[in-house]
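Working notes, structure below.
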2 protein chains.
Amino acid sequence: MPPLKTRIAATARRLFLDQGVDGVSMRKIAGQVGVSATAIYRHYRDKDDLLDEITEDGFSIFRDYLTRAVSSGRAAERVRGLARGYLDFALDHPRYYDFIFIIPRHNVRRFPDEMARRDDLSFHLLVEQVRQAMSEGAFVAGDPSETALTIWAHVHGLTSLHRAGRFGANNDTFRALYNRSVERLFTGIEVPGEVNP
Amino acid sequence: MPPLKTRIAATARRLFLDQGVDGVSMRKIAGQVGVSATAIYRHYRDKDDLLDEITEDGFSIFRDYLTRAVSSGRAAERVRGLARGYLDFALDHPRYYDFIFIIPRHNVRRFPDEMARRDDLSFHLLVEQVRQAMSEGAFVAGDPSETALTIWAHVHGLTSLHRAGRFGANNDTFRALYNRSVERLFTGIEVPGEVNP
DNA sequence: GTCTATAGGTGGATAGAC
DNA sequence: GTCTATCCACCTATAGAC
């Protein structure tokens, strides 16, 4: 039998994955572990302390998805890979996605300074691929973190609408829609105008 | 003194605007109106019935913003106007914005069929401007509702990130960022490639 | 470290008297 | 129509015994 703290954490995570963050309560955890609710407080200062672990799990999985997605090809292809990785994470781990990206949190990192820091691997990764794509001449020149923000906002907008049920329950249908929308972002929706004086 | 139902509705709305939807409870409303909590049930079937009114208020204000924003110029300009109107609504009425677009709701309209219906004025308005812009040759030809979705997802992504505190509290800074990002969506972020066989 | 007992709080909703 | 009295279902967290 693993230590109690481990069992508490595992039970909290299972409750979270089954029912979302609102389904996590000290009483439920205690009931399923088979101890009294107060016993948890010997191992965690309070509920936030417990949820922080879940948050870290989520970010860790998210980073894995992005890191894997960025492996190959030219910079522009790697950016497309990151967009796919973002979606894959959301479809494979919807509870974590909701918790990290939709449900309001305290202490969010702010654009651009706090997010461009080297230790925020996820956004930093995107910015660096965008910078690379710009220097290869594949992307329109500009501020890499602003263009990265545009991409991030776009994939976040699409994905959060999907999570809100706007596209029905079929993930494959949504994936195709998502990819087409990302391509439209890449190529633009407006026909380039005549050069007007 | 207005009828009790009117006072209940007004108090509920004020609580909602002050504290968000979580700040609305039957007890609080009753306390502020000066009646018992149970009295409310003579006028509203249950709490959802009350919140439906607030939802309707929000949509009504939202429609006003879009209708006003779409008035003038060529179709592409009107689409830009709609993007601005969306942002203006979110900045002027953040509680309604959160309630309508971020907090999960039941019975959302789905893309594309339910949303393209003539009576969903807001999305329909956008689709029609996009269709017009395409037929003027200003927008890249395609399915108008898909391009409209791309625009909607983009402005929603940016705005919901702002509402989550990702850009700090300064609305003017965000507005400038938002406009630049929308322009990048219009023109595309990728340099048009050589025509490859 | 874990327990019982308890404090102290939120909330929605109903029965039946007036 | 409105009240009081209640029921019910939750929740976080602490004190102090063992």
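Lettering of chains follows the sequences in order, A, B, ..., and the numbering in each one begins at 1.
For the pair R163(B) and P94(B), the minimum side-chain heavy-atom distance is below 4.5 Å. Considering only heavy atoms from C-beta on, F167(B) stays 4.5 Å or farther from T173(B) through its side chain.
Under a 4.0 Å N-O distance rule, the pair E77(A)/R74(A) does not qualify as a salt bridge. Between E128(A) and R131(A) there is a salt bridge, since a side-chain N of the basic residue sits under 4.0 Å from a carboxylate O of the acidic one.
On a pure distance criterion of 3.5 Å, no polar donor-acceptor pair joins the side chain of T38(A) and the base of dT14(D).
Remark: V35(B), S36(B) in residues 21-36 of chain B come within less than 4.0 Å of DNA chain D through at least one heavy atom. A heavy atom closer than 4.0 Å to some atom of DNA chain C occurs in Y41(B), D46(B), K47(B), these being the qualifying members of residues 39-57 of chain B.
Side-chain contact check for H93(A) and Y65(A): at least one donor-acceptor pair (N or O, by modelled atom type) lies under 3.5 Å. In this structure, a donor-acceptor pair under 3.5 Å is absent between the side chains of Y86(A) and H154(A).
Screening Y96(B), F62(B), W152(B) for a ring-ring contact (aromatic ring centres under 6.0 Å, His included) with F101(B), the sole residue that qualifies is F62(B).
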Would you sort out whether R184(A) and T150(B) count as a side-chain hydrogen bond (donor to acceptor under 3.5 Å, both in side chains), showing the intermediate values? CA-CA 8 Å; R184(A) 272 191 293 275; T150(B) 293; 2.8 Å; yes
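Each end of the helix from dG1(C)-dC18(D) to dC18(C)-dG1(D) gets its own rotation axis from five pairs of C1' atoms, and the angle between them is 10° to the nearest 10 degrees.
From R95(B), atom CZ reaches atom CG of L15(B) across 11.0 Å, with rounding to the nearest 0.5 Å. Distance check: R13(A) CZ to I8(A) CD1 gives 12.5 Å after rounding to the nearest 0.5 Å.
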